[in-house]
Amino acid sequence: MDNIKQYVQENKERFLNELIELLKIPSVSADSAYSQDVIDTANAVKTSLEKAGCDFVELCETPGYPIVYGEKIIDASLPTVLVYGHYDVQPADPIELWTSPPFEPVIKATELHPEGAIFARGACDDKGQMYMHVKAFEYMIQNNCLPCNVKFMIEGEEEVGSASLGWFVERNQAKLANDVILISDTGMISNQQPSITTGLRGLSYVEVEVTGPNRDLHSGLYGGAVANPINILTKMIASLHDENNHITIPGFYDKVEELSIAEREKMAQRPYSEDAYKKALDIEEVYGETGYTTNERNSIRPTLDVNGIWGGYTGEGAKTVIASKAFAKISMRLVPNQDWEEITKLFTKHFESIAPKAAKVKVTPHHGGQGYVTPIDSVGYQAAAKAYADTFGIQPIPVRSGGSIPIVALFEKELKSKTIMMGFGLDSDAIHSPNEHFGVFNYLKGIETIPLFYKYFTELSK
Ligand code: BES
Ligand code: MN
Ligand code: MN
């Protein structure tokens, strides 16, 4: 694998152009207007796996979008790496905040990516990171150095909760049998300090509806005499945190794992600048749960956030009205041991209990998933650490992330193997935001690092 650097340099333009073509297809899984594009993307991924050297590739039909499955089995006695990624992307809106159209990729330099970054929806999450695996695989085939078996499982519903993937995994355990699962769908600390994600938060996502009177009312004739569902909803939401920004739902923290002082001290050793953090977000001060640092608040602590809230009149000008209904979408990020279905129940019970008699409350669970932590003494982690150390020239740091990939906990349950998260994105890459991008350096570094994971994983598994 000594010539991987050279191979990446020689094929750099083609690697970038192929990714750009993939990014042009708007595979937004949340919006049915794009359903044909999502399917077209699945087909494009299938073709790319065939071209890269898989022996067998298929689109596996599911109740939702197809799963692209591909494999190259060289010897049943060798280990098998299962690569997971997703070809769907988040909606691009608000479109007007993009400096270039989200599905017309362009390469522009940024402060953290002086050598350029590809700007497009899905550039980092996850088309760019998924495609690194296809190109790393191509290299190993072209250079006759694939050391073990590979399976690819690339889905199209990650951004909407992976419902079909759960269905697929439960039904295909033998087909998906593997020794380790490899995912690039997370980030790292910086291009100077790589890190490996060892934890993901779980998630419970709910929608709430508050109903007051049976129709919209004149706010002069009825105002003050009936419950205004927007007033009620905002009051209820405000009560979900106390003055220390602790969540007030009874039982919410019961299963939260308290890290030891030693573990928290170790966490605090990672390079981090609160000033740079505030500057990047244009905020005067950070905000969160009393007693925890920013890095603890966004990784080892559970949270509750309103993701959207609506009701009443929001058009131009003024309309004097008391709405009949008000709505909000609420997400709770959970830590390992908190069970998402139990938390959803606790939330529902509490939210219903705090509603005044004058209004009706309905809670509808959307989706969720369990959190995940992976040990750092596993063969997979050690192999990944060696791979990063080789290509970055510095030892990677284990870091727990605040994001969620709910399917990872299910993989462990159904397929009985550990997941290694080799992410190459940066927090500043604006995933889910306008102007999402992925550094050219990061893309190429990923392609360079992944084959070394295969090499070390195979060697260490002996
Ligand atoms: N790739 C992200 C998750 C992620 C990003 C984890 C960065 C760690 C670091 C994934 O595509 C995602 O957006 N997940 C959703 C959950 C899903 C159920 C919609 C999330 O975290 O909001
Ligand atoms: Mn993702
Ligand atoms: Mn995402």
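One-based numbering, in listed order, for ligands and for the atoms of each.
Under a 4.0 Å N-O distance rule, the pair E138/K135 qualifies as a salt bridge. Remark: K362 does not engage E207 in a salt bridge, criterion side-chain N to carboxylate O under 4.0 Å.
Residue contacts with ligand 1: S401 is placed with no nitrogen or oxygen under 3.5 Å of a nitrogen or oxygen of the ligand (distance criterion only).
The closest side-chain donor-acceptor pair between E155 and Y84 falls under 3.5 angstrom. Residues T364 and E209 bring no donor and acceptor atom of their side chains to less than 3.5 Å of each other.
If you look at H350 and F252, their ring centroids are not closer than 6.0 Å.
Residue M421 places no heavy atom under 4.0 Å from ligand 1. At least one heavy atom of D125 sits less than 4.0 Å from an atom of ligand 1. The shell of residues lying under 4.0 angstrom from ligand 1, judged by heavy atoms, includes I431.
Cation-pi check for K445 over F392 is met; the charged atom lies under 6.0 angstrom from the ring centroid and within 45 degrees of its normal. Under the 6.0 Å distance and 45° angle rule, K72 does not count as a cation-pi partner of F137.
Near L203, meaning under 4.0 Å from one of its heavy atoms, ligand 1 places the atoms 18 (C). Below 4.0 Å from some heavy atom of E158 lie the following atoms of ligand 1, by number and element: 10 (C), 11 (O), 12 (C), 14 (N), 17 (C), 19 (C). Of all the atoms in ligand 1, the ones that sit under 4.0 Å from a non-hydrogen atom of P406 are 18 (C).
Contacts of V160 with ligand 1, taken as heavy-atom pairs under 4.0 Å, are absent altogether. Contacts of S162 with ligand 1, taken as heavy-atom pairs under 4.0 Å, are absent altogether. Heavy atoms of H86 found under 4.0 angstrom from ligand 1 belong exclusively to the side chain. Only the side chain of H432 comes within 4.0 Å of ligand 1, judged by heavy-atom distances.
Take K151 and apply the side-chain hydrogen bond (donor to acceptor under 3.5 Å, both in side chains) test, not counting sequence neighbours, and it matches no residue. Under the rule for a side-chain hydrogen bond (donor to acceptor under 3.5 Å, both in side chains), the partners of Q36 that lie at least two apart in sequence or sit in another chain are D40. Evaluation of the salt bridge (charged side-chain N to carboxylate O under 4.0 Å, His left out) rule for E258 yields R301 as partners, not counting sequence neighbours.
With a 4.5 Å cut-off on side-chain heavy atoms, L203 and S331 count as touching.
In terms of protein heavy-atom proximity, atom 19 (C) of ligand 1 is nearest to E159 O, 3.6 Å. Among all non-hydrogen protein atoms, the one lying nearest atom 4 (C) of ligand 1 is D185 O, 3.6 Å. For atom 6 (C) of ligand 1, the nearest protein heavy atom (residue, atom name, distance) is G403 CA, 3.7 Å.
Scanning both residues, K127 and S27, for their nearest heavy atoms gives NZ-OG, 2.9 Å. Residue Y292 comes nearest to R297 through the heavy atom pair O-NE, 3.1 Å, listed as atom of the first residue, atom of the second, then distance.
Ranked by closest heavy atom to atom 15 (C) of ligand 1, the top entry among S404, G402, S29 is S404. Taking each of R400, R333, M188, R201 in turn, the one with a heavy atom nearest to atom 21 (O) of ligand 1 proves to be R333.
The number of heavy atoms from other shown groups lying within 6.0 Å of NZ (K108) is above 12.
Inspection of the environment of the Mn ion (ligand 2) yields the following protein N, O or S atoms under 2.8 Å: H86 NE2, D125 OD1, D185 OD1, D185 OD2.
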